[in-house]
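Here is the naming used below: chain letters follow the sequence lines, and residue numbers restart at 1 for every chain. Keep in mind the model is a prediction, meaning the values are calculated, not measured.
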2 protein chains.
Amino acid sequence: MTAGDVAGNSLSKERLRLWLRMLRVTRQVESELRERLRTEHDSTLPRFDVMAALYAAEEGLKMNELSKRLRVSNGNVTGIIDRLVEDGAVERIAIEGDRRATRVCLTVAGRDTFRGMAVEHERWINALFEGVSEEDAHHIGELLHRLPASPNDAH
Amino acid sequence: MTAGDVAGNSLSKERLRLWLRMLRVTRQVESELRERLRTEHDSTLPRFDVMAALYAAEEGLKMNELSKRLRVSNGNVTGIIDRLVEDGAVERIAIEGDRRATRVCLTVAGRDTFRGMAVEHERWINALFEGVSEEDAHHIGELLHRLPASPNDAH
DNA sequence: TGTGTAAAATTCAAGCTTAAAATGTTTAGG
DNA sequence: CCTAAACATTTTAAGCTTGAATTTTACACA
């Protein structure tokens, strides 16, 4: 982009260049993943992300926790869960003692579906990142720690 | 994500981890930028991207070129340009000799607006990437070249 | 007991995004 | 001249995303 043409010293320009490159790479990868999820699993990236979070949580999650974990707005999660429920991949379960909250769980079918997608997902990433050795991957990952990642990178 | 819990060897897991970290960082940065563009310039990231592309092209661009350059669908660009035209930041200019195509240009006001946003944008990035030295930035950038970036990274 | 505040979720309006279909326009071949 | 293919753009339907407003429920405390 040409934001760099407007102002700034050499360091800030190099950082800007880095940012633009990161943006380009991640968009490219995301676009590949989206395309394959769509054509090969009739699904989407947001659905995959939600299912991944639920798959990891044995007992499901409250809508609340889900949106915090995925760092997306709560209204957003509502819509995605609606569609996953329609698909039969997820169910909403009442929480006793608090009628405000709902627990959201993968169904058995949902778990199966997700397993299939996840295996392929890892294969896709592995292929897309073919040029990156284990050392490089580790190294870049370390460098990225200097960046404004968010808290609790793991779970 | 837990895709990693399902299958794969150590290399593919390291690549997956790298991908997830990249995704997290870029989303975080994008979210910061979006927020500031919204509150401080009453604008959005997609608008900023379009304006940046037009700012770089002295004579404007055809819708065609714009969507190729930004790697987004052509229908998408139509909508964003519609809004920028409403804002008075952009104008559509007929191309003589080809009534199919339109040239899209920043207005004088649009150029001014963009300059203001771009200066701040570079400052924001510079601040967000504070932990990254010029050497690191350059280094990470090089490593990212091994990744599925798209062709013509510059313009 | 009543009331106000906080919390959990949904709804809403606006905008972004895509793939696919539709609309016009140009151009090449016959 | 006609027509089929290629082109440039817009439209459409569906889904994602956000921030803000709304609804419902829980809880503290006077």
Side-chain angles (χ1 to χ4, degrees), chain A residues 23 26-28 30-51 60-87 89-104, chain B residues 23 26-28 30-51 60-87 89-104:
Chain A
L23 197 52
T26 49
R27 284 197 180 157
Q28 183 65 29
E30 273 191 299
S31 149
E32 301 269 2
L33 296 179
R34 218 186 347 261
E35 167 74 3
R36 295 183 201 187
L37 280 175
R38 186 179 66 86
T39 60
E40 296 178 31
H41 293 276
D42 193 29
S43 188
T44 68
L45 216 35
R47 271 142 144 117
F48 180 83
D49 289 344
V50 166
M51 292 179 82
L61 294 169
K62 293 194 294 179
M63 295 298 281
N64 220 357
E65 302 171 321
L66 200 43
S67 77
K68 254 197 276 288
R69 201 158 300 202
L70 300 176
R71 286 164 231 272
V72 299
S73 67
N74 37 9
N76 186 357
V77 176
T78 297
I80 297 172
I81 291 295
D82 283 349
R83 284 175 281 272
L84 285 173
V85 168
E86 274 180 39
D87 293 351
V90 156
E91 53 192 346
R92 282 188 235 245
I93 298 170
I95 289 183
E96 344 201 344
D98 192 342
R99 278 182 300 175
R100 294 172 302 180
T102 324
R103 197 158 52 87
V104 176
Chain B
L23 197 54
T26 50
R27 285 195 181 159
Q28 182 66 28
E30 273 191 300
S31 149
E32 301 269 3
L33 296 178
R34 217 186 347 262
E35 166 74 3
R36 295 183 201 188
L37 280 175
R38 186 177 67 85
T39 59
E40 296 178 30
H41 293 275
D42 193 27
S43 189
T44 68
L45 216 35
R47 271 142 143 118
F48 180 82
D49 290 343
V50 166
M51 292 179 83
L61 293 169
K62 293 195 294 180
M63 295 297 282
N64 221 357
E65 302 171 321
L66 200 44
S67 77
K68 254 197 276 290
R69 200 158 301 202
L70 300 176
R71 287 164 232 272
V72 298
S73 68
N74 37 8
N76 186 357
V77 175
T78 297
I80 297 172
I81 291 295
D82 282 350
R83 273 160 235 131
L84 285 172
V85 168
E86 275 179 36
D87 293 350
V90 156
E91 53 193 345
R92 283 188 234 246
I93 297 170
I95 288 182
E96 344 200 346
D98 192 343
R99 278 182 299 177
R100 294 171 300 182
T102 324
R103 197 158 51 86
V104 176

Output the rounded distance in Å from [atom1] ([X]) to [atom2] ([N]).
X	N	atom1	atom2	answer
B:Glu32	D:dT18	CD	P	13 Å
A:Glu40	C:dA19	CD	C1'	17 Å
B:Asp82	D:dT9	CG	P	13 Å
A:Arg38	D:dG15	CZ	C1'	13 Å
A:Lys62	D:dT25	NZ	C1'	13 Å
B:Ile81	C:dG15	CD1	C1'	15 Å
A:Leu66	D:dT17	CG	P	12 Å
A:Leu37	C:dA19	CG	C1'	16 Å

Phosphate contact ([N] OP1 or OP2) by [X] side-chain N/O below 4.0 Å:
X	N	answer
A:Arg71	D:dT18	no
B:Arg34	D:dT17	no
B:Arg99	C:dT26	yes
B:Arg92	D:dT10	yes
A:Asn74	C:dA9	no
A:Thr44	D:dC16	yes

For the atom pair [atom1] ([X]) and [atom2] ([Y]), what is the distance rounded to the nearest 0.5 Å?
X	Y	atom1	atom2	value
B:Gln28	B:Glu30	CD	CD	11.0 Å
A:Thr78	A:Arg83	OG1	CZ	10.0 Å
B:Ile81	B:Asn76	CD1	CG	10.0 Å
B:Leu70	B:Leu61	CG	CG	8.5 Å
B:Ile93	B:Arg103	CD1	CZ	4.5 Å
B:Asp87	B:Met51	CG	CE	8.5 Å

Tabulate protein N/O versus nucleotide N/O from nucleotides 1-7 of chain D, keeping only pairs under 3.5 Å, one per line.
| from | atom 1 | to | atom 2 | distance (Å) |
| --- | --- | --- | --- | --- |
| D:dC7 | O4' | B:Arg100 | NH1 | 3.1 |
| D:dC7 | O2 | B:Arg100 | NH1 | 3.2 |

Minimum-distance nucleotide (side-chain atoms of [X] versus [options]):
X	options	result
B:Val72	C:dA9, C:dT18, D:dT9	C:dT18
A:Asn76	C:dA9, D:dA26, D:dT17	D:dT17
B:Ala101	D:dG19, D:dA8, C:dA9	D:dA8

At 4.0 Å (heavy atoms only), tell me whether [X] reaches a base, stays on the sugar-phosphate, or touches nothing.
X	result
B:Val77	nothing
B:Ile80	sugar-phosphate
A:Glu35	sugar-phosphate
A:Glu65	nothing

I want to confirm an ordering. Mapping A:Asp98 and A:Gly79 to their closest nucleotides on DNA chain C, which one lands closer to the 5' end? A:Asp98
Relative to the 5' end of DNA chain C, which residue comes earlier, A:Arg103 or A:Arg27, by the nucleotide with the nearest heavy atom?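 Mapping each residue to its closest nucleotide by heavy atoms, the 5'-most match is A:Arg103.
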B:Ile80 and B:Pro46 have their tightest heavy-atom pair at CD1-CB, 3.7 Å
Please figure out whether B:Thr78 or A:Gly75 has its closest DNA chain D nucleotide nearer the 5' end. B:Thr78
Whether A:Glu35 and A:Arg38 form a salt bridge (side-chain N of Lys/Arg under 4.0 Å from carboxylate O of Asp/Glu) is what I want to check. yes
Flag the pair B:Asn74 / B:Met63 as yes when at least one side-chain heavy-atom distance between them is below 4.5 Å, and no otherwise. no
